[in-house]
Every structure is written in structure tokens, then in C-alpha cells.
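Below is one structure, written out as C-alpha cells; the observations come after it.
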Amino acid sequence: MILKYIIIAIFFTIAYIGFGSINFFQSKYIEPTAMNLFKYNLCIIPITFILNYIVTLTFNRGYKSLGEMLPVTLIYVAMGVFSYVIVNYIFFKEVPKINQIIAIILVSIALIICNIKNEA
């Protein structure tokens, strides 16, 4: 059972790191002119399509595998916070703040409580 959660978390992390990298790369390296943004957005269409496909597929398979949407959504939220902390560190050398660490811990606790209720 735990393997299903790990697989879901891995796919959501891949998608979030991809989306985060796109956004942070743009904010750091792309000049905000109309032509540059147009060219950049044309280039990232295939990447965003693949990442959206991963998210959609993970939600669908996760729901079918676990039988509920709540754990899948909680994993999605937790991996979002965790992934953006990683991407912020990679691109901007920002150390995680205490509220980000607390958010990851709270969502992880919620996931555990949600599953304890289901197994009881």
C-alpha cells in the first residue's frame, strides 16, 4: 500500500519540479518583452503538455488505485510545497523558511490521519 503513495508522490514531484523550473527559469533568464515571452511560451508548449499529462494521469490512476481522491490531493499539495522549496533552493539559493517546513509537516500529518481513519 505504501508503494502506491510513493509512486504518486514521485510523479507529482516530477510535474511540480518541471512547472517550477519553467516559472523560475522564466523569471530569472527571460526578459519581459512581448516578443521574448511569445517565443518562450511557444517553446514550452510541449513541456507543459507533458507535465499536465503526468498530473492528470497521476490523479486518475491514483484515484483508481487508492479508491479515494483525498489522499491523492493531499499528496499533490505536499509535493507542491516540497518541490517548490527544492526549486527555490536550486535557482535562487533560498533556504526553506519555517512556514514552508511546517506546511510540509502538516500536510504529511493530514495524509497519515486520513489513512488511519480509512484503515480502521
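Along the sequence shown, residues are numbered consecutively beginning with 1.
- More than 12 heavy atoms of other shown residues, nucleotides or ligands fall within 6.0 angstrom of atom CZ in Phe19.
- Through direct or relayed side-chain contacts under 4.5 Å between Ile, Leu, Val, Met, Phe, Trp and Tyr, Ile98 connects to Ile102, Leu106.
- Environment of NZ in Lys28: crowded, with over 12 heavy atoms of neighbouring residues, nucleotides or ligands closer than 6.0 Å.
- Judged purely by atom type and a 3.5 angstrom limit, Asn36 has no side-chain atom pairing as donor or acceptor with the backbone of Pro32.
- Atom CD of Glu68 and atom OH of Tyr63 lie 8.5 Å apart (nearest 0.5 Å).
- Hydrophobic clustering, with ILVMFWY side chains joined whenever heavy atoms are under 4.5 angstrom apart, keeps Ile17 apart from Tyr89.
- Hydrophobic clustering keeps Ile105 apart from Val95 (ILVMFWY residues linked when any side-chain heavy atoms are closer than 4.5 Å, directly or through intermediates).
- Between Phe12 and Val55, the closest heavy-atom pair is CE2-O, 4.0 Å.
- Residue-environment remark: OH (Tyr16) exceeds the threshold of 12 foreign heavy atoms within 6.0 Å.
- Taken from NZ in Lys4 to CD1 in Ile75, the straight-line distance is 11.5 Å, to the nearest 0.5 Å.
- Side-chain heavy atoms closer than 4.5 Å link hydrophobic residues (I, L, V, M, F, W, Y) into clusters, and following such links, possibly through other members, connects Met35 to Leu42.
- In this structure, Met79 CE and Ile8 CD1 are separated by 11.0 Å, a value rounded to the nearest 0.5 Å.
- Taken to the nearest 0.5 Å, the OG atom of Ser27 stands 12.0 Å off from the CD1 atom of Ile22.
- Here the side chain of Ser83 pairs no donor or acceptor atom with the backbone of Gly80 at under 3.5 angstrom.
- Phe59 and Leu57 are assigned to two separate hydrophobic clusters, defined by single-linkage of ILVMFWY side chains at heavy-atom distances under 4.5 Å.
- Panel note: side chain Thr48, backbone Ile45; a donor-acceptor pair is recorded below 3.5 Å.
- Evaluation of the ring pair (Phe, Tyr, Trp, His ring centres under 6.0 Å) test over residues 27-51, restricted to residues two or more places apart or in two chains, returns Phe25-Tyr29.
- Val85 forms part of no hydrophobic cluster, judged by ILVMFWY side-chain heavy-atom separations under 4.5 Å.
- Of all heavy-atom pairs between Thr58 and Val72, the closest is O-CG1, 4.4 Å.
- Residues Gln26 and Leu37 meet the side-chain proximity criterion, which asks for heavy atoms closer than 4.5 Å.
- Rounding to the nearest 0.5 Å places CE of Met69 at 11.5 Å from CG of Leu74.
- Rounded to the nearest 0.5 Å, atoms CG (Leu51) and OG (Ser21) are 9.0 Å apart.
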